[in-house]
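Proteins get letters first, then strands, A, B, ... in listed order; numbering begins at 1 in each.
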There are 2 protein chains.
Amino acid sequence: LSPAPTTRDKIIKKGAELIHLKGYNATGLHEILESSGVPKGSFYFYFKSKEDFGIEIIDYFSSLIGGFFTRYLGDKSVPPLRRLERLMEFYESLFNKSGYTLGCPIGNLSLELADINGRFRERINTAVETMLSHIMNCLDEAKRDGSLPPNLEISDTARFIFHGLQGAILHMKVAKSLEPLTTFKRYMLDYLNVGPLHKPRKN
Amino acid sequence: LSPAPTTRDKIIKKGAELIHLKGYNATGLHEILESSGVPKGSFYFYFKSKEDFGIEIIDYFSSLIGGFFTRYLGDKSVPPLRRLERLMEFYESLFNKSGYTLGCPIGNLSLELADINGRFRERINTAVETMLSHIMNCLDEAKRDGSLPPNLEISDTARFIFHGLQGAILHMKVAKSLEPLTTFKRYMLDYLNVGPLHKPRKN
């Protein structure tokens, strides 16, 4: 007999909220259960270990972000480069609402957990690869419709965008201002519209 | 009577090592004292609280990174854009040695602590501003020697570089590969050498 999925889902959702705010190590199981209204001590009825729970949390965040990326970068009714701009506008609005807190949960867990747990690291890496795929597909469409040059290195460019986005979110959290994200958006768009991609390399 | 500075410094150095690897919340005071060979229970003889200790650790990391940035970006014997490349080469060599672990301690603490402690956030923000100043000074020299255009927005460009670097380090930790850093270095140099900075904006 398996437990009702709703209780398990409630623990994951509340756990994800707390971990998004405070990080994995600073969030106690006790606190998650208490704020989900689940009886203390019943955690191990739902999850084998805190580590197994952590894996579920990473997957939860990955699918949440996958949803955002699909909604904006996969929207065929919008030109591909404009989709990237719309994704950035979505992040700006999201972080305006959160008072420049929280950030990207996958970015947060990357820095917190990549070196201390191999299972977590692999799962986070898969989440990052998925985000990169979404960006690559969008850039590929831009290449095919002629808004990016045919010799574009899609994989490297997607990395460049992903790195800038993660760094801008990190800076936003520390500066408690939207300015880093807005600066990044403008630079990314300039880069894709008039940048070195459109010119031959120096050597 | 104040305690001998060497013991205090030993605790900070060992604490910084552990926090660089595991993060602030996952590092116990007990563990720091034990691995510094300092008697248990003597922590509060040296620091008022774990929070005060955390502030010292942030300052320690900031001055460590300030040293690297001064050494590479302040080296007047080297052309300014080459200095940025040399800083990136230094990071590549550092992270090759560490097996793509640890990353930037200020980046790590940004994501871990910015939302949960205002004193930490302000101190980390000061550290970030210092890193940005080093990059801005270097870009300003490049502008003055003609290797960057005179209308360059130095502050935005420094942010763009800082964001890319932090994101690339984050990705490196998760991918356990130097490739993100190497990609970032190439894109940054392309951007500064043949990028949109050298062309009029579209509108």
Side-chain angles (χ1 to χ4, degrees), chain A residues 21-26 100-104 106-116 121-122 124-125 127-129 132 153 155-157 159-160 162-176 179-180 183-184 186-188 190-191 193-202, chain B residues 21-26 100-104 106-116 121-122 124-125 127-129 132 153 155-157 159-160 162-176 179-180 183-184 186-188 190-191 193-202:
Chain A
L21 177 64
K22 308 194 327 174
Y24 175 80
N25 284 305
Y100 324 122
T101 63
L102 301 170
C104 173
I106 292 298
N108 295 350
L109 296 179
S110 293
L111 290 195
E112 186 183 0
L113 302 176
D115 288 347
I116 60 180
R121 183 192 75 73
E122 279 176 29
I124 297 167
N125 195 37
V128 167
E129 290 294 332
L132 286 169
E153 289 167 32
S155 156
D156 284 3
T157 308
R159 276 159 176 68
F160 193 59
F162 176 76
H163 299 162
L165 175 60
Q166 289 294 340
I169 292 173
L170 180 152
H171 189 193
M172 171 203 78
K173 284 185 66 169
V174 169
K176 287 285 172 268
E179 182 267 338
T183 302
F184 168 68
R186 190 173 64 248
Y187 263 68
M188 178 191 76
D190 268 10
Y191 184 83
N193 285 314
V194 296
L197 301 175
H198 299 268
K199 300 181 72 173
R201 291 276 170 90
K202 264 197 167 165
Chain B
L21 177 65
K22 309 193 329 173
Y24 175 80
N25 284 305
Y100 323 121
T101 63
L102 301 170
C104 173
I106 292 298
N108 296 350
L109 296 179
S110 292
L111 290 195
E112 186 184 359
L113 302 176
D115 287 348
I116 59 180
R121 183 192 74 73
E122 278 176 30
I124 297 167
N125 194 38
V128 167
E129 290 294 331
L132 287 169
E153 289 167 34
S155 156
D156 284 3
T157 308
R159 276 159 177 68
F160 193 60
F162 177 75
H163 299 163
L165 174 60
Q166 288 294 340
I169 292 174
L170 180 152
H171 189 193
M172 171 204 80
K173 282 185 67 167
V174 169
K176 287 286 171 268
E179 183 268 336
T183 302
F184 168 68
R186 190 172 63 248
Y187 263 68
M188 178 191 76
D190 268 10
Y191 185 82
N193 284 315
V194 296
L197 302 175
H198 299 268
K199 301 182 70 175
R201 289 276 168 90
K202 263 199 168 163

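- B/Phe184 approaches A/His163 most closely through the heavy-atom pair CB-ND1, 4.3 Å.
- When all heavy atoms of B/Asp115 and A/Lys176 are compared, the closest pair comes out as OD1-NZ, 2.6 Å.
- Ranked by heavy-atom pairs under 4.5 Å with chain A, the list B/Gly23, B/Pro180, B/Gly103 is led by B/Pro180.
- Note that the CG atom of B/Asn25 and the OH atom of A/Tyr24 stand 13.5 Å from one another [nearest 0.5 Å].
- Nearest heavy-atom pair, A/Leu111 versus B/Leu111, reported as atom, atom and distance to 0.1 Å: CD1-CD1, 3.8 Å.
- Every side-chain contact (heavy atoms from CB on, under 4.5 Å) that A/Ile106 has, sequence neighbours left out, goes to A/Ile58, A/Phe61, A/Ile65, A/Cys104, A/Ser110, A/Ile124, A/Ala127, A/Val128, A/Met131.
- With a 4.5 angstrom heavy-atom cutoff, A/Tyr100 touches chain B only via backbone atoms.
- Proximity to chain B is limited to the side chain of A/Leu132, based on heavy atoms less than 4.5 angstrom apart.
- A/Asn125 approaches B/Ala175 most closely through the heavy-atom pair OD1-CA, 3.6 Å.
- In this view, A/Glu179 and B/Arg159 satisfy the salt bridge (charged side-chain N to carboxylate O under 4.0 Å, His left out) rule, not counting sequence neighbours.
- Heavy atoms only, all atoms of each residue included: B/Lys173 and A/Ala114 are closest at O-CB, 3.5 Å.
- Each of B/Ile116, B/Leu109, B/Leu102, B/Thr101 has some count of heavy-atom pairs under 4.5 Å with chain A, and the biggest count is that of B/Thr101.
- Remark: aromatic rings of A/Tyr191 and B/Phe160 are distant, center separation not under 6.0 Å.
- Rounded to the nearest 0.5 angstrom, B/Gln166 CD and A/Gln166 CD are separated by 11.0 Å.
- Of all heavy-atom pairs between B/Leu170 and A/Gly107, the closest is CD1-O, 3.6 Å.
- Note that CZ of A/Phe162 and OG1 of B/Thr183 are 13.0 Å apart. Values are rounded to the nearest 0.5 Å.
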